[in-house]
Every structure is written in C-alpha cells, then in structure tokens.
Amino acid sequence: MMAASSSVAAAFARAPARGGSPRDSSSRREPTRPHYAAASRSIRGAPIPRARTRASKLRSAARRDTAVRAVIATDVDREIERDARDADARGADAAPPNRVDFLVIGSGIAGLTYALEAAELGDVAIVTKDVAYMGSTHYAQGGISAVISLDDTVEEHVRDTQVAGDHLCDEDAVKVVCDEGKDAIEKLIEFGTKFTMNEQTGDLHLAREGGHSKHRIVHAADMTGKEIERALLESARAHPRVTFYEFHVATDLITAETRDGSFKCVGAEIIDRRSGARTSFISCATMLASGGAGQLFPSTTNPGVSTGDGVAMAVRARADVANMEFYQFHPTSLYTGPGGAAKNENAFLVTEAVRGHGGRLFNAAGERFMERYDERLELAPRDVVARAIDCEIKSAREAGYEAACVYLSVAHLPADDVLKNFPGIAAELAERGVDMTSDKIPVVPAAHYLCGGVSTDLNGQTSVEGLFACGETACTGVHGANRLASNSLLEAVVFANRAVKASGVRFAGRDALEPVFEQAAEAARKRAALRMNAAKKDVDEIAAFDEPPEWTSAMRAEVQRVMWNAAGIVRDTETLKEATTKMESMLEECEEKSRGADARLASIELRNLLTVGLCTLRCAASRKESRGLHYNVDYPERVETERKPTRLDTASMWNAPSSVHPALGAR
C-alpha cells in the first residue's frame, strides 16, 4: 500500500495542465509562551458543540441515495480506513469533532468580510495560524480601487484592469468586481473603516496608482490595509456568533466521496500550536482565505505566514487551480542588501502610490530609465516596471557598476506634501536611515502577490462542493496575467460577499447533508482516537510543534533558490523542467521525513510551499508564450492561441494509476 504521506508527490508526477476560459524569508518568528498566553485570551469560548437531531426518515433516505466515505484529503489511499478499523478494534474513544456552520481559514480582509456576513446566518469559526492580524492585509499600504468620482466610469476601470492583466482577465469577473466596487467601500465604512477624506470637499480622498487612468484609489493615508484589518477585526471580535481560533494551523481539508466519485468538502483538520492537540472541524461551508505564498521566494514583501497553505490544501482535496505561473513581483521593495537601507524583521514595500504621486526611478548611473521601456513611464503596470528594473540592474553590472538595486525618488516634490501623503512610509524609512524627502530610496523587485490560485466561479465556489476560496488564495479571473494595483482588496470584499450568498444556499439545505456530516464526523473521531497519545505527552514535548526539525531550514532555503532561479522575473524552458524534477524529489523527501515526530509547523509549511511551487512550475511550463507576469525567453512573444487561463486538473493527479508519469502538457 502506498503510504498516505507519499501520495501527494506521486500525484504531482502525473499532473496535467490544461488551457481554459526585501525580506530574507528564511527567517521565522517563533512565538514565545507569554505571546501564546496573551493570544489565548482572544479565543472566546470552547470549541463549538453543534449536536443536531434530524429526522431518522430523512437520514435513511439520504444514506440510500448517497454512499459517503469520509476521508482526510491528504490520505487519498486506503490507509486511513485501515487505521480507523484498527482504532475500532482497540475500542479507542475520543472527543467528538467541532461542529460549526461556517469555517473560515484565514483572518485577512477576505476571511473577515466573509465571516461577518456569514455570522448573520449561523455560527462562524475563524481559524488562523498566528495572531489574527498577521497577514498581508495588515501590510497593504496603497488602497482599494473603486469607481467613486463622477469623472470615472465602470467601463474605464474594466479597461484598465484588462490592460494590466494583458487581456487574460475573465470578462464577467472583472465586470462584477468593478460594478460592485462602490458597494464594497460602503460595506467597509459600515464596519468602521476610517478612510482618508478630502479636506476641501469632505468626500473620500482618491489617489492614483500605476495602471489606473483615473484617481480611484480609496485609502487610509498610506496604511490602508492596517486600518481595514483593525475595523474588521474589531467588528468580528464583537460579533456573538464569531469565534476566533488563533495560533491554530489548518493542515488539510476533510472531504467526503459520493457514489458518483465526486467530492464534497465538509471541514478541515486543525492543530493547536500551543498544545500540539489535533482536532477536526466539521462545517457546512468552508472558506479558504489564507493568503498567498510569497515565502516561495528568497525576497518577498509577504509576512512569514504566507506559505500557500490554502492552495496546497485545495490541491490535496482535488480542487482545480489556475494561472499559478502569474506571480507578481512588486517593483519597489526596499533594498536592504550591501549598500542599501538598514534591515529589520519585517519586509517593507514602498507602495505603488509613491510612483503614482510623481516618484521617479533612476538606475545606478543616475539615469531616469522608464522611458526606454514604456510610454507610461513610472505609471506602467507592475510587471513592466519590475522587468525594467531587473534589466537595468543586470545591464549596470555588465557595464561595471556594483549594482544590486535602482532608486526611487520624490526629492523633487515638496517635503511637506510627501510627509502628508506618506507618513507611515516616511517614518519607516527614517528608522532605516533613509530620509524620503531628500534621499533616493534603494528599491528592488520582490515576490508580492499570487494572481493565480484555487479556481472559483463568480460566487467563490471551487470545483469541490462546499469549498469556497477568496482573496489571494483564489483565482477568480479578475487579475488575468497581472494584477492592477489596489484591485486585490476590492476583489476580496466583493467575492467574499458573493460567497456568503452561495454558502447561504448550501446552509439552507443542510438537513439533506446531515448524513454526510455525521459520517465525516465519525471518521474524524476514529482518526482522533489514533492521536490520543499526543494529549498524554510531556508539555515540553508538545511545545516542540513550533520547533523546526533540523532538516527543514536547509530544504526551505533550497526551495526558495530553485523557485527564484526558475520562476522569478525571467524564465526559460529548460530551467523550469529541471526545477520541476528537483521540487518533485524534495516533496517526496519532505513527506517521508514529515512523519511522526517531525510533523511540525515547519514541515507542514514546507510541504505546502513545495506543493504550490510545483503548481507554479507546471503552469509556467505549459504556457508557450510570454504574457503579463510570465516571461519566458524561449517564447518571448504573445501568442493569441495561448490567450487562455492555465488550469491544473488536480483531480486527475489522484485518479491516474500511480505508475503513470505523463509529461505535463496543455489541453
């Protein structure tokens, strides 16, 4: 029998793709026990008991119609069934899994918006693997785009989005997000977000960023994400039907297979980082909103929690993913290498709005260079600016300069104007020895945003029934081949609201799904019985869950090196192929080593990074053109027949015989 943990690596070896409509990230923040103790006070109440009594006639009828086999998504072979039978034979017992109406994995703008709306329908559990505010939303500086001004139109916002996305955006998705932008802003204000106002008119102050033809960026000074996160967190913590589970790690989704071979998501497996205890959450609807995977690369603006957990779990649950080759590198991440700014713990991004406000880019020779690449100069989309910077750095080195960055300057603008518009950035730069009003800011591209992700429809529903995805975890089609600045926060709110409506339909028909939930809960209980010994361990032994096994740091650094070389700003076919082979080998090794005592946070995150990295490489290899964020020197031109999403059919990864290892190809 194939070991359960090796099945993911084996499945990747046979995964087809098809066409369809500056921070050193190896550093980790290890929370201390006092930090945990403080965080535990924000977890309101015990796990949510949701025992329900349904009519026996209904249960019997449903069981006749649907034979359900509940499984943990990672254990795609029959090993879990064998273990469960063994547990029964020993007479093992365990506490029942948690029952909740809506399970949200992630606590950024997408997860919190969904949770607040879903809480009007039922009980919501928010599972987040760190303190709730720790995520990319908190660090978003620029703002949220929406058509507010009378001088602007939805049609213009749609056009700007399509141009930035290199005409690969889904037309319906773009229309939806632009149409519903103003409502999204009003919803955030309703939840308590305090945006910057125009002092003269009393209206919302609208900024302009790269790629936008109009001023349509609603913002809270230069700390928009932090303000939105504050407002949503306060609202969610105050809601009586929302419970937070901070420092809880979602490891895998729980799915149920029906007679027709389809799968339903019925919850997730969770580990409490403070105790090492494992439990299952059984839910009517599960929302993946756990952010991106910037930790795939050695330099990223993302926080340490961005390890692609949601996408990886979805892949193991057989959900389709799309457009994973389109990873956005923000062109102006603060350079902290030799000769650069001082470095501290957090990654730091110099927002797009600085260029939108008049910032200029200079190379090592002191030349303003963007005119050589795009007529829009510094206001060109991020992929254009990032490649231009990459080219300038390489050209400068060839010319004999010791160049590792370029420079962004607003020194030509009035100092009081700069400080008024960018107080947070100015303060952060000052701490690192850079005076924004007079000094040139050293900047370099860094991994910033995953434009692909778990494929969803216009209501956030994935290809697995009961599983929803939103925010950076999802691929709605809005971003296409490149995200337009400040569209991500907008997309998160719009599609979170839409997903609640779709989840509500499922919730209304929950009686018919009760047999599925009951059998999934029974399977989870049996699995929990196998882990009862964890609760009997010494406290110091349990605390080791956050201590990385020795082998993980070296492998993680190697993953980042491989991904930067193969899937960075400039790519080539041979390197993509070599990287895929290397990553497959590392995933198999990771799964083998992650068994038993080494199944800890670091190995779980590493496994997820390897899974997402392989999805990225396979999608990149299948695209035979250069478009948006994907630039392959072997296919440097756009090809009209390639203007379609790249979809990775994860279901076939599991359904094909284990001995089959076909080459990746588009279909």
Side-chain angles (χ1 to χ4, degrees), residues 1-15 28 71-83 129 249-255 268-271 276 278 290 293 295-296 307-319 321 324 527 530-531 534 544-563 579-618 648 650-661 664:
M1 177 185 299
M2 181 186 296
S5 61
S6 65
S7 59
V8 180
F12 259 112
R14 53 182 183 267
R28 301 177 54 79
V71 298
I72 306 303
T74 51
D75 299 340
V76 296
D77 53 32
R78 289 183 290 273
E79 183 164 332
I80 183 174
E81 295 176 337
R82 181 201 66 190
D83 291 344
K129 71 176 177 181
V249 182
T251 59
D252 274 297
L253 300 171
I254 302 174
T255 61
E269 285 280 285
I270 309 295
I271 298 178
R278 298 169 181 258
S290 55
Q295 298 298 316
L296 269 174
T307 52
D309 304 339
V311 176
M313 287 189 290
V315 168
R316 294 192 289 266
R318 300 171 175 82
V321 297
M324 294 293 292
R527 188 174 182 84
L530 302 176
R531 299 167 176 154
F545 178 76
D546 261 20
E547 293 296 324
E550 292 183 3
W551 56 272
T552 56
S553 59
M555 184 179 288
R556 182 161 171 155
E558 179 65 4
V559 167
Q560 293 170 344
R561 184 194 68 80
V562 170
M563 288 300 297
T580 300
T581 301
K582 176 69 173 177
M583 294 281 282
E584 286 175 347
S585 175
M586 284 194 287
L587 177 56
E588 186 173 359
E589 181 183 354
C590 176
E591 290 178 327
E592 181 67 29
K593 289 182 174 180
S594 294
R595 297 174 183 175
D598 278 359
R600 301 181 226 169
L601 178 62
S603 57
I604 290 169
E605 290 183 331
L606 179 56
R607 183 188 187 214
N608 289 339
L609 286 170
L610 283 160
T611 301
V612 175
L614 273 167
C615 288
T616 301
L617 293 169
R618 290 187 173 278
L648 192 63
T650 59
S652 66
M653 293 163 56
W654 309 103
N655 296 334
S658 59
S659 59
V660 178
H661 302 274
L664 179 69

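Along the sequence shown, residues carry numbers from 1. Quantities reported herein were computed from a predicted structural model and do not represent experimental measurements.
Taken from CG in L614 to OG1 in T580, the straight-line distance is 6.5 Å, to the nearest 0.5 Å. With values rounded to the nearest 0.5 angstrom, D309 atom CG is found 5.5 Å from S290 atom OG.
Every side-chain contact (heavy atoms from CB on, under 4.5 Å) that A268 has, sequence neighbours left out, goes to L103, I105, L253, I270. Qualifying side-chain contact (heavy atoms from CB on, under 4.5 Å) partners for T552, counting only residues two or more places apart in sequence or in other chains: P548, P549, A602, S603, L606. Residues forming a side-chain contact (heavy atoms from CB on, under 4.5 Å) with A579 (at least two apart in sequence, or on another chain): V562, A566, L617. Considering only residues two or more places apart in sequence or on other chains, K593 meets the side-chain hydrogen bond (donor to acceptor under 3.5 Å, both in side chains) condition with E589.
Of the options M586, E605, E584, R556, a side chain to side chain contact (heavy atoms under 4.5 Å, CB included) to L610 is made by M586 and by none of the others. If you run side chain to side chain donor-acceptor pair (under 3.5 Å) between R316 and each of T650, T255, T251, N608, only N608 comes through.
Counting heavy atoms from C-beta on, the side chains of M563 and M583 come closer than 4.5 Å. Between L296 and T307 there is no side-chain heavy-atom pair separated by less than 4.5 Å. The closest side-chain heavy-atom distance from M324 to V612 is below 4.5 Å.
Listed here is the closest heavy atom pair of S594 and W551: OG-CH2, 3.7 Å.
Using a 4.0 Å cut-off between charged nitrogen and carboxylate oxygen, D546 and R600 do not count as a salt-bridge pair. R607 has a carboxylate O that lies under 4.0 Å from a charged side-chain N of E591, or vice versa, which qualifies the two as a salt bridge.
No donor-acceptor pair closer than 3.5 Å links the side chain of E269 to the backbone N or O of R278.
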